[in-house]
A.B. asks: 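Before I ask anything, let me first share the structure, which is written out below as structure tokens.
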Amino acid sequence: MIALLSMCAAFAVDDAPPPTRVSASVVVAVAKRDLAADALVERANELGGWFQSRNDEGLSLRVPSVNVDALLDSASATGKVLGRSVERRDVGQEMADLSGRLEARESVLKQYFDLLARAGADSIVTVERQIVKAIDEIERLKGRLQLLEDQSTFGRVDVAFQFRDRGAPDRDGQSSWGWINTLNVQDVIVGHQMNKPDWRSRGVSLDEAPEGFSPWKKQRRYRAASPDNVLFRMRAVKQKPKASLDFWQEAMRTRMESAGYRVIDEQRISANGTDGAMLELAAPLGTQDWSYLIAMFPRGGRIVLMEAAGEVTHFAPRRDAIVAAVERVDL
């Protein structure tokens with residue numbers, strides 16, 4: 001108890017940083033989960049921590065709070081990051097409040113013991129009940145204080161090797177603009193399986209397929225695929241209404257997030273001098289996590305779309321080739 005009170009008193013010093021509970025999580029796709037997990041357990045040990053739990057889907061690690069960011073960076077480096085978050089909460093005021101309440105209850109308990117020594121036979125039972133109640137409250141307060149002390153000393157990093165929510169993104173419309181509602185990983189897959197999909201490239205051309213990809217012969221519906229099932233297609237849709245690149249970029253991002261995709265990266269891109277926007281997304285699809293890249297170029301009365309999709313560990317090595325192909329497309 002003295003140690004807890006001393007610790008809380010130390011937090012009151014102006015120059016001392018407030019005790020902070022740090023928790024972080026990262027979703028990362030890796031080719032070999034066991035090797036990645038072993039490496040992260042070793043890294044946690046190097047940083048003065050340990051692993052708290054581990055299963056096939058991921059692991060939970062504890063390290064000194066000051067080393068949470070370092071461990072999170074190590075986890076992110078094991079594969080393709082699909083999601084990452086850090087939460088920091090100041091628990092100094094809560095600990096100070098608990099410490100004050102604990103001190104007060106211990107003072108009351110002492111008074112009850114003094115009263116018990118002088119109590120008559122008719123009041124002993126009542127005093128004993130109050131003592132038991134006070135002890136229960138004191139133990140609860142001590143437990144909460146010790147928990148906050150532990151949480152502020154050691155941060156927690158949860159690493160998942162795939163999305164825990166396996167629901168596929170919504171294929172239905174979430175946007176007022178019809179063409180945006182056609183952006184779906186599932187439709188990219190189906191479009192590669194159909195002999196005559198219901199979209200066309202409408203004059204968009206590419207001198208050669210992305211490196212490592214083989215194209216379909218029919219250029220009016222440009223499609224290409226890699227041996228490990230990473231898919232690429234180009235199409236054009238009517239631009240209704242005509243709007244700026246900023247307008248369509250925001251509308252596209254909003255719809256994809258509401259449909260259940262997670263934005264991994266967003267940037268501007270240029271194809272043969274035409275400015276466009278590129279979104280890189282991730283989402284669960286069946287038992288796998290898929291990457292989905294969309295490049296969008298408003299031009300005149302149409303919007304040119306280039307899409308690529310594949311399981312994340314297959315997609316990552318081919319991403320640069322896909323982006324290079326996008327940048328040389330003739331619009």
A.B. asks: As a quick check of understanding, evaluate side chain to side chain donor-acceptor pair (under 3.5 Å) for E311 and T313, giving each step before the final call.
C.D. replies: CA-CA 6 Å; E311 193 276 327; T313 58; 2.4 Å; yes
A.B. asks: Side chains of D246 and S244: do they bring a donor and an acceptor to under 3.5 Å?
C.D. replies: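 On atom types as modelled, these side chains do not qualify, holding no pair under 3.5 Å.
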A.B. asks: Any side-chain heavy atom of I189 sitting closer than 4.5 Å to one from W290?
C.D. replies: yes
A.B. asks: Just wondering, do V28 and L82 contact through their side chains at under 4.5 Å, heavy atoms?
C.D. replies: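 No, their side chains stay 4.5 Å or more apart.
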A.B. asks: Can you name the residues that form a salt bridge (Lys or Arg N to Asp or Glu O under 4.0 Å) with R319, not counting sequence neighbours?
C.D. replies: E280
A.B. asks: Name each donor-acceptor pair under 3.5 Å that joins a side chain in residues 35-47 to protein atoms two or more places apart or in another chain, with its distance.
C.D. replies:
residue, atom, partner, partner atom, Å
D38, OD1, R54, NH1, 2.9
D38, OD1, R54, NH2, 2.8
R43, NE, S74, OG, 3.1
R43, NH1, E46, OE1, 3.3
N45, ND2, V41, O, 3.3

A.B. asks: Excluding sequence neighbours, so at least two apart, what forms salt bridge (Lys or Arg N to Asp or Glu O under 4.0 Å) with D97?
C.D. replies: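 Counting only residues at least two positions away or on another chain, D97 forms no salt bridge (Lys or Arg N to Asp or Glu O under 4.0 Å).
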A.B. asks: Between D228 and R318, does any NZ, NE, NH1 or NH2 come within less than 4.0 Å of an OD or OE carboxylate oxygen?
C.D. replies: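 The answer is yes: the pair qualifies as a salt bridge.
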A.B. asks: Below 4.5 Å, heavy atoms only, C-beta onward: do Q249 and L279 meet side chain to side chain?
C.D. replies: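 Of all side-chain heavy-atom pairs linking L279 with Q249, none is under 4.5 Å.
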A.B. asks: Atom CG in D170, atom CD in Q186: separation rounded to 0.5 Å?
C.D. replies: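 CD of Q186 is found 9.0 Å from CG of D170.
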A.B. asks: Should side-chain heavy atoms under 4.5 Å link Ile, Leu, Val, Met, Phe, Trp and Tyr, which residues sit in the same cluster as V66?
C.D. replies: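 V66 shares its hydrophobic cluster with no other residue.
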A.B. asks: Answer whether the closest heavy-atom distance between the side chains of I303 and W179 falls below 4.5 Å.
C.D. replies: yes
A.B. asks: Would you tell me whether S25 and R84 have side-chain atoms, one donor and one acceptor, within less than 3.5 Å of each other?
C.D. replies: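 Judged by distance alone, the side chains do not pair up.
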A.B. asks: Is T153 reaching over with its side chain to a backbone N or O of E149, donor-acceptor style, under 3.5 angstrom?
C.D. replies: yes
A.B. asks: Can you pull out every ring-ring contact (aromatic ring centres under 6.0 Å, His included) where at least one residue sits in residues 310-331? Sequence neighbours excluded, please.
C.D. replies: none
A.B. asks: Is the closest side-chain donor-acceptor distance between S60 and D158 under 3.5 Å?
C.D. replies: yes
A.B. asks: Residues in ring-ring contact (aromatic ring centres under 6.0 Å, His included) with H192, at least two apart?
C.D. replies: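 Per chain and number, H192 pairs via ring-ring contact (aromatic ring centres under 6.0 Å, His included) with W216.
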A.B. asks: Between atom CZ of R101 and atom CZ of R105, what is the distance when rounded to the nearest 0.5 Å?
C.D. replies: 9.5 Å
A.B. asks: Would you say E106 and I138 make side-chain contact, with heavy atoms under 4.5 Å?
C.D. replies: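 The answer is yes, as the side chains (C-beta and beyond) meet within the 4.5 Å cut-off.
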A.B. asks: Please table the atom pairs, donor to acceptor, closer than 3.5 Å between any side-chain atom in residues 322-331 and protein atoms at least two apart or in another chain.
C.D. replies:
residue, atom, partner, partner atom, Å
R328, NE, D207, OD1, 2.9
R328, NH2, E208, O, 3.0
R328, NH2, A209, O, 3.3

A.B. asks: Who pairs with W177 by ring-ring contact (aromatic ring centres under 6.0 Å, His included), at least two apart in sequence or on another chain?
C.D. replies: F247, W248
A.B. asks: Indicate yes or no: at least one non-hydrogen side-chain atom of P197 is less than 4.5 angstrom from one of R223.
C.D. replies: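 Counting from C-beta outward, P197 and R223 do come under 4.5 Å.
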A.B. asks: Would a 4.5 Å heavy-atom cut-off, applied to side chains only, mark M296 and V304 as touching?
C.D. replies: no
A.B. asks: So which atom in P19 and which in D90 form the shortest heavy-atom distance, rounded to 0.1 Å?
C.D. replies: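 That would be O-OD1, 3.3 Å.
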A.B. asks: Side-chain contact test, heavy atoms from C-beta onward, threshold under 4.5 Å: evaluate it for R221 versus R235 and give yes or no.
C.D. replies: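 In short, these two side chains do not touch, never coming nearer than 4.5 Å.
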A.B. asks: Mind checking ring-ring contact (aromatic ring centres under 6.0 Å, His included) for F154 and listing every partner two or more places apart, or none if nothing turns up?
C.D. replies: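 Counting only residues at least two positions away or on another chain, F154 forms a ring-ring contact (aromatic ring centres under 6.0 Å, His included) with W50.
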A.B. asks: Quick check for you: to the nearest 0.5 Å, what is the distance between S258 atom OG and M256 atom CE?
C.D. replies: 8.5 Å
A.B. asks: Would you say that more than 12 heavy atoms from the other residues, nucleotides or ligands in this model lie under 6.0 Å from the CD of Q267, or not?
C.D. replies: yes
A.B. asks: What residues form a salt bridge (Lys or Arg N to Asp or Glu O under 4.0 Å) with R88, not counting sequence neighbours?
C.D. replies: D69
A.B. asks: Are Q239 and R299 linked by a side-chain donor-acceptor pair shorter than 3.5 Å?
C.D. replies: no
A.B. asks: Taking all heavy atoms of G301 and all of K242, pick out the closest pair and write down the distance.
C.D. replies: CA-CE, 3.9 Å
A.B. asks: Looking at residues at least two apart in the chain, or sitting in another chain, which of them share a ring-ring contact (aromatic ring centres under 6.0 Å, His included) with Y261?
C.D. replies: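 With neighbours one apart ignored, the set is Y292.
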A.B. asks: How would you list, by chain and number, every residue that makes a salt bridge (Lys or Arg N to Asp or Glu O under 4.0 Å) with R171, sequence neighbours excluded?
C.D. replies: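 Checked R171 against salt bridge (Lys or Arg N to Asp or Glu O under 4.0 Å); matches are D187.
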